[in-house]
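Report on the following structure.
Model, not experiment: these values are computed from the prediction. Proteins come first, then strands; the chains are lettered A, B, ... in the order of their sequence lines, and each starts at number 1.
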There are 2 protein chains.
Amino acid sequence: MARPTLSREQIVATAIEVADDGGLDAVTMRLVGQRLNASGMALYRHVANREALLEAMIDAVAGEFGYPEPRPAHWRDALAAMAWQDWRSYFAHPWFLVATATCRPVLGPRMLQSMEWALAAFDDVDVKPHEKLRLLSVLYSYVQGLALTWTPQGDGESVRQYWTERLLGTGLNRLEAIVGDLGEGEFDLDADFEFGLRRVLDGIELYLTTRPERPVKAAPDRQ
Amino acid sequence: MARPTLSREQIVATAIEVADDGGLDAVTMRLVGQRLNASGMALYRHVANREALLEAMIDAVAGEFGYPEPRPAHWRDALAAMAWQDWRSYFAHPWFLVATATCRPVLGPRMLQSMEWALAAFDDVDVKPHEKLRLLSVLYSYVQGLALTWTPQGDGESVRQYWTERLLGTGLNRLEAIVGDLGEGEFDLDADFEFGLRRVLDGIELYLTTRPERPVKAAPDRQ
DNA sequence: CTTGTGGTGCTTACAACGTAAACATGGCGA
DNA sequence: TCGCCATGTTTACGTTGTAAGCACCACAAG
């Protein structure tokens, strides 16, 4: 049989390149094929259809940067590291969140592995597995939701500019007060993210430490 | 001039119906027009293009259910009410989150009004406006992110079924332990949501009550 | 009453998309 | 050497968003 010149991994990688350059709309079968000196239809030999390609792209990005090994001993440090990593990933690939919203939530192998890593952060904590997932979900959701709000979308117009534009002249004084606040200070997205991250981790920590019925067992002190 | 038989509001409302029935992909200019006994091109007299239509749909849904008036006196009650309302909205219109992810974050008039309502919940709290927005963002993001994970996407396959399917046989024991947990117990999305909501509100409350430099001023006790 | 005039909806047309179907090709097993 | 079949290509079809031009009609001006 004819030696294949295309591979599934190569296709996915190229599609990711295309998406990074031109957004998710640019991920066209023909265009991805073109970057590989192939026709658009060639992709169908390695990928069921466009949606499957998107799912593959999502899972590829999900495992792109590994989480730190060994995992920090205290769950709070581990989860913070994970949150930062995800946060960075979302900005490295602005199309990522759009894709996950469009497709159903993708539980590919790499994504599952990441979840396992995160769950292991709670190994020292005496909570039911389902509650561990619930706690994780709070953090995942926060990171995802905030990124969704602030990732630059399509056109080059800065998100900050868009907000100040829209908030002024609305006659809503509390919103306009924020614009004043934003104008004078710097616009530091990472700082905003870290602020919220602290609140979320605080909420989780409060739960783990104050439930009288299930005391924390042998959680290592943070150094 | 010829009396108009279409109106922008009518178009937006019809488009929302279409999306509720057949998902966001069904929101085609031609199909929305057809429901109004009009051609697809007729819509362009009232809406710039498809994206503008989506943005209008988003803002319409954002203001569909008003938040409770009068607003609960304690910020925590107010924010909880808001979060539940948003949570319900996301499930009433599964396409909503997909649309907000696709378009840039939409700050339409109704959405801004909702934000103003939420900000007012912090009127009794002595925090800088920018920090109020940060605190709100934590909650918004959590609700949005969790809904994004659990809203049924497209096909009728239940999300729960999809998860159990994917989690089994991965060889990752922490994930499989969760499936066992899910299997025996009930699968109560609202309970999951409320659990996380408590954690987020706890995190916010901890911040507001323990900062030594900015004490809470005259926040009313909850009855 | 007649006559623009401009807002409204319709028709046609086009490029781009996902993808089904048939075809061409070339390396490997027999 | 022959045939097979996986791989990539070509062609084609239906659907999409939307640009361009046309047809209509109600009102203001004459």
- Nucleotide of D:dT10, D:dT7, C:dC10 approaching A:S39 most closely (side-chain heavy atoms): D:dT10
- Item | Of the listed nucleotides C:dT8, D:dT18, D:dG8, the one nearest the side chain of B:M41 | D:dT18
- Query: Ignoring hydrogens and angles, are the base of C:dG18 and the side chain of A:R30 linked by a donor-acceptor pair under 3.5 Å?
  - Reply: yes
- Query: Rounded to the nearest Å, what distance is computed from the CG atom of residue B:L43 to the P atom of nucleotide C:dT11?
  - Reply: 14 Å
- Item | Greater than 12 external heavy atoms within 6.0 Å of A:D25's CG | no
- Looking only at heavy atoms, the pair that brings B:C103 and B:I58 closest together is SG-CD1, 4.4 Å
- Task: Assign B:T28 to base, sugar-phosphate, or nothing according to its heavy-atom contacts below 4.0 angstrom with the strands shown.
- Result: sugar-phosphate
- Side-chain-base donor-acceptor pair under 3.5 Å for B:R50 and D:dG17: no
- Query: Nearest to the side chain of A:Y44, which nucleotide is it out of C:dC10, D:dT9, C:dT19?
  - Reply: C:dT19
- Given DNA chain C, 5'-ward residue of the pair A:A48 and B:A38, judged by closest heavy atom: B:A38
- Query: Can you name the nearest heavy-atom pair linking A:L97 to A:T100, along with the distance?
  - Reply: O-OG1, 2.8 Å
- Rounded distance in Å - CD (A:E51) to P (C:dC17): 18 Å
- Item | B:H46 vs C:dG9: side-chain N/O to OP1/OP2 distance below 4.0 Å | yes
- Expressed in angstrom and rounded to an integer, what is the separation of B:M29 atom CE from C:dC10 atom C1'? 15 Å
- Task: Mind running side chain to side chain contact (heavy atoms under 4.5 Å, CB included) on B:T5 and B:L36 for me, showing each step along the way?
- Result: CA-CA 9 Å; B:T5 67; B:L36 293 160; over 6 Å; no
- Query: Between atom CG in B:N49 and atom P in D:dG17, what is the gap in whole Å?
  - Reply: 11 Å
- Of the nucleotides D:dG17, C:dG9, C:dC10, which has the atom closest to the B:T5 side chain? C:dG9
- Message: Cation-pi check for A:F195 against A:R199: NZ or CZ below 6.0 Å from the six-membered ring centre and within 45 degrees of the axis, yes or no?
- Response: yes
- Message: So A:A42, base contact, sugar-phosphate only, or nothing? Heavy-atom distance under 4.0 Å.
- Response: base
- Task: Scan A:V27 against the nucleic acid and name what it touches under 4.0 Å (heavy atoms): base, sugar-phosphate only, or nothing.
- Result: sugar-phosphate
- Query: Can you check the A:R8 CZ to D:dA6 P distance for me, whole Å?
  - Reply: 18 Å
- Task: Could you check how far CZ of A:R45 sits from P of C:dC23, rounded to whole Å?
- Result: 14 Å
- Note on the structure: Separation of D:dT16 atom P from B:Q34 atom CD, nearest Å, is 10 Å
- Atom pair distance, as rounded to whole Å: CG in B:L24 and C1' in D:dT16: 14 Å
